[in-house]
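A quick write-up on the structure given underneath.
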Amino acid sequence: MNDCLFCKIAAGEIPATIVDRTETTVAFRDVAPVSPTHVLVVPTTHVANLDEALAVDPAIAADVITQCARVAEMEGLADGYRVVINTGSLAGQTVHHLHAHVLGGRAHHWPPG
Ligand code: 5GP
Ligand code: ZN
């Protein structure tokens, strides 16, 4: 959608290190990784966040989650991984196109802080 960073990455208009593509999702490496593996999975359809995705079509969210598990497998994260979807300002969402963080390659403690 016109001025959306992740729409532009999904369309190939802004460069990113693409990990995988499906018909409905794109996975690419986070520009500022917080873990040895830090991949973002986004739907190719523009939705601002998880709530909007579920309102438009729950399959959008299902496809993103399914692809997170595939990316974890592709990245060799058999010992465990974390999927994070920040939703809204209090959660720290900064890019308003739904994205799931796939984090792995180190211990991730709980609670996350
Ligand atoms: P949020 O805080 O919204 O959940 O996460 C946004 C994520 O997008 C951050 O981890 C940030 O590092 C990442 N990010 C922001 N701009 C870019 C970019 O231009 N390219 C890539 N690959 N990642 C980005
Ligand atoms: Zn977008």
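Ligands are counted one by one from 1 in listed order, and the atoms in each one are counted from 1 as well. Keep in mind that the numbers below use all heavy atoms, side chains included, and drop hydrogens, waters and symmetry copies.
- In summary, the atoms of ligand 1 found under 4.0 Å from a heavy atom of F6, numbered by their order in the structure, are 8 (O).
- The distance from the Zn ion (ligand 2) to the nearest N/O/S atom of H97 is under 2.8 Å.
- In this structure, H99 counts as a contact residue of ligand 1, since one of its heavy atoms falls inside 4.0 Å of the ligand.
- Salt bridge present: E75 and R29 bring a charged side-chain N and a carboxylate O closer than 4.0 Å.
- Close approach of ligand 1 to A32 (heavy-atom distance below 4.0 Å) involves ligand atoms 12 (O).
- Looking at Q93 next to ligand 1, no N or O pair under 3.5 Å apart turns up.
- Contact record, G105 with P36: O-CG, 3.4 Å, taken as the closest heavy-atom pair.
- Among all protein heavy atoms, the one lying closest to atom 3 (O) of ligand 1 is T94 N, 2.7 Å.
- Taking the six-membered ring wherever Trp is involved, the centroid distance between the rings of H97 and H99 does not fall below 6.0 Å.
- Distance from atom 10 (O) of ligand 1 to its nearest protein heavy atom, with residue and atom name: D30 OD2, 2.5 Å.
- For the residue pair Q93 / N49, no side-chain donor-acceptor distance below 3.5 Å is found, with atom types taken as modelled.
- Taking both residues in full, the closest heavy atoms of T45 and I60 are given as CG2-CD1, 4.2 Å, listed atom of the first, atom of the second, then distance.
- Closest protein heavy atom to atom 22 (N) of ligand 1: R29 O, 2.9 Å.
- Heavy-atom proximity to H101, at under 4.0 Å, picks out these atoms of ligand 1: 1 (P), 4 (O), 5 (O), 7 (C), 10 (O).
- Among all heavy-atom pairs drawn from L50 and A61, the shortest one is CD1-CB, 3.9 Å.
- Annotation: I9 places no N or O atom under 3.5 Å from an N or O atom of ligand 1; distance criterion only.
- Residues L98 and I65 are members of one and the same hydrophobic cluster, defined by side-chain heavy-atom contacts under 4.5 angstrom among Ile, Leu, Val, Met, Phe, Trp and Tyr.
- By the ring pair (Phe, Tyr, Trp, His ring centres under 6.0 Å) test, Y81 pairs with no residue at all, sequence neighbours left out.
- In summary, the atoms of ligand 1 found under 4.0 Å from a heavy atom of V95, numbered by their order in the structure, are 3 (O), 6 (C).
- Within the 4.5 Å cutoff, side-chain heavy atoms of W110 are placed close to those of R82.
- Checked by atom type and distance alone, the side chain of S35 never pairs as donor or acceptor with a backbone atom of H38 at under 3.5 Å.
- In terms of protein heavy atoms, atom 16 (N) of ligand 1 is closest to L5 CD2, 3.4 Å.
- Geometry at the Zn ion (ligand 2): SG/C4 and ND1/H46 form an angle of 110°, nearest 10 degrees.
- Of the candidates L98, N49, V31, it is V31 that places a heavy atom closest to atom 17 (C) of ligand 1.
- Looking at L40 against ligand 1, only its side chain comes within 4.0 Å, counting heavy atoms.
- Using a non-hydrogen distance threshold of 4.0 Å, I85 does not register as a contact of ligand 1.
- In the vicinity of F28, heavy-atom distances shorter than 4.0 Å reach the ligand 1 atoms 22 (N).
- Among protein heavy atoms, the minimum distance from atom 2 (O) of ligand 1 is reached at G92 O, 2.9 Å.
- Looking at L40 and F6, their side chains come closer than 4.5 Å, going by heavy atoms from C-beta outward.
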